[in-house]
Amino acid sequence: MIDRRVVEEIKYRNDIRDVISQYVTLKRAGSNYNGLCPFHSEKTPSFTVFTAGEGNFYCFGCGAGGDVVTFVMRAENLDYPSALEFLAKRAGIDIPEDSAKSQGEVSRTRVMDMNREAARFFHATLVSGNYPEALSYLRDKRAFPPALIRHFGLGFAPNEWGSLVKHLKSKHFSEEEMIAANLAAKSAKGTVYDVFRNRIIVPILDINGNVVAFGGRVMDDSKPKYLNSTDTPAFKKRRTLFALNFAKDLCAERMILCEGYMDVIALHGAGFSNAIATLGTAITEEHARLMKRYTKEVVICYDADEAGQRAADKAFSLLSEVGLETKILKVEGAKDPDEYIKKYGAGKFKLLLEGSRTRFDFKLGSILEKHDITVPLEKIRAADEAAELIAGFYSAVERDIYIDTAARKLSVPTDTLKADVQQKIRSRQKKENKEELRRVMSESAGYGNRTNPDYVRNPAAASAEETILGLILYSPELLGGIEASGELREETFQTEFNRRVFAAIRAIYNDHQTLEEGLLSERFTPEEMGRIIGMKVRRTALTNNGEDVLKECIARLQNARTKGNNIEDIEDILGAKRRKQNE
C-alpha cells in the first residue's frame, strides 16, 4: 500500500474541481459546480462537483460518484494504485516503486517504462539496415519519408521468437512483467516468446506522450493483417485514440476520425495533423466523450466498403449523442484516405474534406439510392424511412429544415411529411416513457442492482440500511453514539454490500477518530463508490438528518431482521404449499 501521508499529499495537491475541469466544462451552481456527465451521454447537466470538505462528485443521472481518485479511476480506466500514480505525476510527487503496486501486480509506470524501451528497440531494429524489406515497405510502398517515420517512432519486429525478450531482460525487466505488458507470451511448454514478430511496429502513445501499447502490421497478405496490444495496466483500447497526443493542439475546430493508424500516419504526412483513429475496436462512448474534450466537429473518414459505411453510421450516432457536430467524408475513386492522397494529392483531399456531408445528407442519400421514387410504393417506403430518420434528431429547427429538404427531393407535400415525422416522434416518446417507467420501477425494487444484488430480497431493510449509512456519511459524529450504545452491529445489516460499507466506515472512524471518505476508495470499486456517495448526497437534499431519523431506521432494520420477512422466506412458504398440494 502507498504510505497514507503520500496519499493525502497527492489528494491535497490535486483539487477535485481542477482535475475534473480537464474533462468536463463546469459552471458554478451556488457553492458547487455542475456539468455534463463524462460517464454517460446527456444533454441536460446532472453531474455535480461538491467542493466542500474533501471534495466529491456525483451524477444524478448514472449514479457515478466518489472523490478525485475515484474520478480518475473512472475517467482513465485505472485501478486505485495507478490512479494515484497518475495524480502524483500530475502534481510532481514521487511514489516509491515498491509501494505503488500490490504484491504480484505490475504497475502502470513499470509497463510504460518497459514499453518505452521496447519502442526504442523496434525503431533501432528498423533503421539498423539489417532488414531492408521493412524500410522499403514504409518508404516505397507506403511513401512515408524518414521524417514521418521518426515522428511516429515506427519500428520493426524481426521474425525471431525471443529478440525482444532477450533485450528487455538485459534492461532488468522480468518475464512476468513482459507478459503483463502483452509484449511476450508463454507457450504450453513454458517458453516465453515475443508477441510481435515480422511486423511493422506502430507505438501507441497516450495524451501525455507515454508509450502505452503497440500495433503491428504485416508487410504482405498474411493474416492477421493487424495485431494490436490487448488491455494492460497502461492501456485500455476502449478509450485510447491513436495520434491524439499530436492532434490535440490542432483539432479545436475539426477532427478527422479514421479507421486505422496507417491512414492517420498518411494524413499527418500530407499535412492533416488533426487526424486520429480508434485501435482495433469499433468506436465507443468513451472515445466519443474523449473527442468532445478537444474538438467541435468530427469528420468520419472510414473505408468506402460496406463494412466501413456501417461503422460510420454507428460513429454518427455516438458522436451526435455527446453533442459533436458530425459529418462523413465519402472517399470516391479509392478504398481509403491513404490511397486517395497517393492518387490525387493532398489538395484534392482537402477539397473532398470541405465537401463532407452531414449525417442527414448521408442517410437521405442512401435512402434515395435504395428506392426508385418514380414508383408510388417505393416513394411511400422512402418517405417513411425519411420520416423515421428526421424524427431521430433532437433539435426542432434541424427537423424543420430536414423536412423541407426531404419533401422537395421526394416530391411530397411538406405538411404531409411533417405530420408523419410528428407521429414517429410520439411513438418514440411513448416507447421511451414505457422503458423509463420500467427502469425506474425495476431500480426502486432493486432489480438489476449490480452493486447491491441483495437489495431485491428485502428492499425495506436495504432502504433502511442506505438511510443509516447516508446519515453517518453526512454526519460522522453520529458514529460516536452508535459505538457507545452498541445498538447497531455489522450482523444487523441484511445486505452484504451495506454490511461491508458499515464495517469499512467503522474501521476508518476507529483508526482515525474521524471519517475520511477518501479512504473508502481503497476498499471499494468506482461503481461501489458511486452508490456510497449517492447515499450521502440524498441526505443533503433533506432537512431532518438527526438522531431521531437514525434511531427510527435502526429500529426498522432490527424489526425486519427479527421478522425475517424477506423474499427467501416467502419463496420457502410458497414452495411448501406447492409440495402439499402435489401430495
Side-chain angles (χ1 to χ4, degrees), residues 112 114-160 163-164 167-168 183 194-222 224-229 235 240-251 256 258-280 301 334-346 349:
M112 290 192 295
M114 192 167 14
N115 285 342
R116 184 173 63 251
E117 193 57 52
R120 289 172 177 162
F121 170 81
F122 289 134
H123 184 70
T125 302
L126 175 70
V127 300
S128 66
N130 297 326
Y131 302 93
E133 69 278 12
L135 269 178
S136 176
Y137 174 84
L138 291 173
R139 291 180 177 176
D140 302 331
K141 188 172 182 178
R142 285 285 177 178
F144 291 171
L148 188 64
I149 292 172
R150 286 195 303 272
H151 181 66
F152 280 92
L154 303 183
F156 179 67
N159 195 18
E160 300 169 13
S163 58
L164 179 62
H167 174 76
L168 291 177
L183 292 170
D194 294 354
V195 166
F196 297 99
R197 300 182 306 281
N198 199 31
R199 289 176 182 269
I200 296 296
I201 298 296
V202 181
I204 297 162
L205 280 61
D206 66 11
I207 198 69
N208 299 311
N210 301 303
V211 182
V212 294
F214 295 94
R217 193 201 190 283
V218 295
M219 297 177 291
D220 52 23
D221 295 326
S222 58
K225 182 187 291 186
Y226 293 99
L227 180 64
N228 297 312
S229 297
F235 174 61
T240 303
L241 293 168
F242 177 69
L244 183 58
N245 57 303
F246 296 129
K248 63 184 175 68
D249 298 323
L250 303 162
C251 64
I256 304 171
C258 302
E259 277 194 90
Y261 35 73
M262 287 301 183
D263 283 336
V264 170
I265 295 170
L267 284 174
H268 279 243
F272 302 95
S273 299
N274 56 340
I276 53 99
T278 55
L279 292 158
C301 190
K335 62 180 175 62
D336 55 38
D338 185 12
E339 184 179 285
Y340 188 93
I341 290 172
K342 285 185 176 66
K343 277 187 176 182
Y344 307 108
F349 184 81

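What you see is a predicted model, and the numbers here were worked out from it, not measured in a lab.
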**Message:** Considering only residues two or more places apart or on different chains, which pairs with a residue in residues 132-148 satisfy salt bridge (charged side-chain N to carboxylate O under 4.0 Å, His left out)?
**Reply:** R142-D338

**Request:** Would you mind listing every salt bridge (charged side-chain N to carboxylate O under 4.0 Å, His left out) that reaches into residues 205-216, with sequence neighbours excluded?
**Result:** R108-D206

**Complete:** The side chain to side chain donor-acceptor pair (under 3.5 Å) partners of N208 (sequence neighbours excluded) come to none

**Request:** Check side chain to side chain donor-acceptor pair (under 3.5 Å) between D194 and all other residues, then give those that pass, not counting sequence neighbours.
**Result:** S163

**Item:** Set of salt bridge (charged side-chain N to carboxylate O under 4.0 Å, His left out) partners for E160, sequence neighbours left out
**Value:** none

**Message:** Could you work out, with salt bridge (charged side-chain N to carboxylate O under 4.0 Å, His left out) as the rule, every residue matching R150, not counting sequence neighbours?
**Reply:** none

To check you understand the geometry: which heavy-atom pair defines the closest contact between [X] and [Y], and what is its length?
X	Y	answer
S222	D220	OG-OD1, 2.6 Å
T125	P158	CG2-CD, 3.9 Å
R199	V218	NH1-CG1, 3.4 Å
A243	A275	CB-O, 3.8 Å
C251	N274	CB-CB, 3.9 Å
V264	C258	CG2-CB, 3.9 Å

**Prompt:** Among all residues two or more places apart in sequence or in another chain, which pass the side chain to side chain contact (heavy atoms under 4.5 Å, CB included) test with V127?
**Reply:** H123

**Asked** What pairs with D221 under side chain to side chain contact (heavy atoms under 4.5 Å, CB included), at least two apart in sequence or on another chain?
**Response** none

When you compare the side chain of [Y] with that of [X], does any pair of heavy atoms fall below 4.5 Å?
X	Y	answer
L126	L138	yes
D263	C301	no
I207	L241	no
F196	L164	no
Y261	N228	yes
V202	R217	no
L279	F235	yes
L183	V195	no

Taking only residues two or more places apart in sequence or in another chain, which ones pass ring pair (Phe, Tyr, Trp, His ring centres under 6.0 Å) with [X]?
X	value
F214	F122
Y137	none
H268	F152
F156	Y131

**Message:** So that I can tick it off, tell me whether E339 and K342 are bridged by a salt bridge, with the cut-off set at under 4.0 angstrom between side-chain N and carboxylate O.
**Reply:** no

**Asked** Could you state the interatomic distance from CG (N210) to CG (N245), rounded to the nearest 0.5 Å?
**Response** 9.5 Å

**Message:** Run S229 and I204 through side-chain contact (heavy atoms from CB on, under 4.5 Å) and show every step you take.
**Reply:** CA-CA 9 Å; S229 297; I204 297 162; 5.7 Å; no

**Request:** Show your reasoning for whether side-chain contact (heavy atoms from CB on, under 4.5 Å) applies to I265 and H151.
**Result:** CA-CA 10 Å; I265 295 170; H151 181 66; over 6 Å; no

